[in-house]
Amino acid sequence: MISFNNEKVSASVSDEQTESAASQKREERLRKFRELHFKRNEARNLNHKEVVEEDKRLKLPTNWEAKKARLEWELMTDEKKKECAAKGEDYDRVKLLEISAEDAERWERKKKRKNPDPGFSGYAEAQLRQYQRLTKQIKPDMDSYERQREQCGEDFHPTSNSLIHGTHVPSKEGIDRMVEDVEKQIEKRAKYSRRRAYNDDADIDYINERNAKFNKKAERFYGKYTAEIKQNLERGTAV
């Protein structure tokens, strides 16, 4: 009888242990299932957000990123100008102090690559460009500079009391250089003139000036394709 009770107790204990292990496994599976479900929902939300953002980007203009960066830079510049004005500082000077030597060299190289001549916009701008071009071509003669400084003495750096106006006499070499440069300028202007000489022997195939320009353009673009047809029409042998 006692052995039977012991067997019954041991069986009930083993059943409880089995049930406990099964419940732990079930809880573990449920926990993993909830984690997977949470991750799936999170991935779904992230994918939806990415799709919405991509759709917004596709609807924006092609140069939107550049415009946005430009606007942000302008806002930052305005704020910096206000800060400098409040402190009583010069914004251009502060900006130059913040630029590194590498950035300055890169910008200078970029400026040199660009064409500084935007075309004719006015006689004042053309004169300024001509002056800048001529001054860049000047090569100082240090020997002549030293001689002139020795000759002038203290008057080399004139003051309000100096009387040296009209005393300078240019050298023959300087006059020759000026004449040569003026002749080059005249030759360059003649080369780039847009006036066309009138040819009296040319065929008259127009009725007015506008029609003449149109015929010249047509001849320039299609002349080689219509040369044979034109010759046949002139000979009267066109089919």
Side-chain angles (χ1 to χ4, degrees), residues 66 70 73 77 90-206 208-225 227:
R70 179 72 180 179
W73 178 80
T77 304
D90 186 6
Y91 170 74
D92 294 331
R93 186 178 181 84
V94 173
K95 183 177 69 173
L96 292 175
L97 292 174
E98 295 177 353
I99 297 175
S100 63
E102 295 179 355
D103 293 338
E105 291 178 358
R106 186 175 68 254
W107 290 339
E108 286 296 328
R109 290 194 300 269
K110 188 175 181 181
K111 287 181 180 179
K112 290 180 180 178
R113 287 197 299 267
K114 290 183 178 180
N115 183 13
D117 188 1
F120 181 81
S121 57
Y123 290 102
E125 290 80 3
Q127 185 178 9
L128 176 61
R129 290 197 301 272
Q130 177 75 352
Y131 171 77
Q132 292 174 348
R133 185 183 65 81
L134 294 176
T135 51
K136 287 180 180 179
Q137 294 177 357
I138 294 176
K139 296 180 180 179
D141 187 359
M142 300 307 298
D143 295 334
S144 176
Y145 173 82
E146 293 295 337
R147 288 195 303 269
Q148 187 176 2
R149 187 170 67 173
E150 292 176 359
Q151 292 174 0
C152 296
E154 295 181 356
D155 291 335
F156 186 76
H157 298 288
T159 62
S160 59
N161 298 322
S162 301
L163 298 174
I164 60 172
H165 179 71
T167 59
H168 173 69
V169 178
S171 63
K172 185 177 183 301
E173 292 79 6
I175 295 174
D176 293 339
R177 285 198 304 270
M178 184 190 68
V179 172
E180 183 181 359
D181 185 74
V182 171
E183 290 177 351
K184 286 182 179 179
Q185 294 181 36
I186 294 173
E187 183 181 357
K188 187 175 181 180
R189 290 196 201 98
K191 184 184 297 183
Y192 288 97
S193 177
R194 298 298 299 172
R195 296 183 65 84
R196 299 292 184 265
Y198 180 74
N199 186 8
D200 293 332
D201 297 331
D203 295 334
I204 299 177
D205 57 354
Y206 54 89
N208 51 36
E209 190 68 22
R210 183 176 180 182
N211 182 240
K213 293 180 180 179
F214 176 81
N215 291 343
K216 287 180 180 179
K217 289 181 181 179
E219 179 68 22
R220 185 166 62 249
F221 290 105
Y222 305 106
K224 60 182 180 179
Y225 305 109

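Here, residue 1 is the first one in the sequence, and each next residue gets the next number. Fair warning: this is a prediction, and the values are worked out from it, not measured in the lab.
Interatomic distance, NZ of K95 versus CG of D90, reported as 10.0 Å (0.5 Å rounding). To the nearest 0.5 angstrom, Q185 atom CD is 11.5 Å from E187 atom CD.
For Q148, the side chain to side chain donor-acceptor pair (under 3.5 Å) criterion is met by no residue, not counting sequence neighbours. When the side chain to side chain donor-acceptor pair (under 3.5 Å) test is applied to N215, the partners found at least two apart in sequence or on another chain are N211. Taking Y91 as the reference, nothing meets the ring pair (Phe, Tyr, Trp, His ring centres under 6.0 Å) condition, with sequence neighbours excluded. Q137 meets the side chain to side chain contact (heavy atoms under 4.5 Å, CB included) test with R133, L134, D181; sequence neighbours excluded. Among residues two or more places apart in sequence or in another chain, the salt bridge (Lys or Arg N to Asp or Glu O under 4.0 Å) test is passed with E183 by none. For S100, the side chain to side chain donor-acceptor pair (under 3.5 Å) partners are D103, not counting sequence neighbours.
Around atom CD of E102, no more than 12 heavy atoms belonging to other residues, nucleotides or ligands sit under 6.0 Å away.
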- For the pair E146 and R149, evaluate salt bridge (charged side-chain N to carboxylate O under 4.0 Å, His left out) and give the outcome as yes or no after the intermediate values. CA-CA 5 Å; E146 293 295 337; R149 187 170 67 173; 2.8 Å; yes
- Task: Would you sort out whether K217 and R220 count as a side-chain contact (heavy atoms from CB on, under 4.5 Å), showing the intermediate values?
- Result: CA-CA 5 Å; K217 289 181 181 179; R220 185 166 62 249; 3.6 Å; yes
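When each of E125, Q130, Q132 is paired with L128, the side chain to side chain contact (heavy atoms under 4.5 Å, CB included) condition holds for Q132 and for no other.
For the pair D143 and R147, the salt-bridge criterion is not met [side-chain N within less than 4.0 Å of a carboxylate O].
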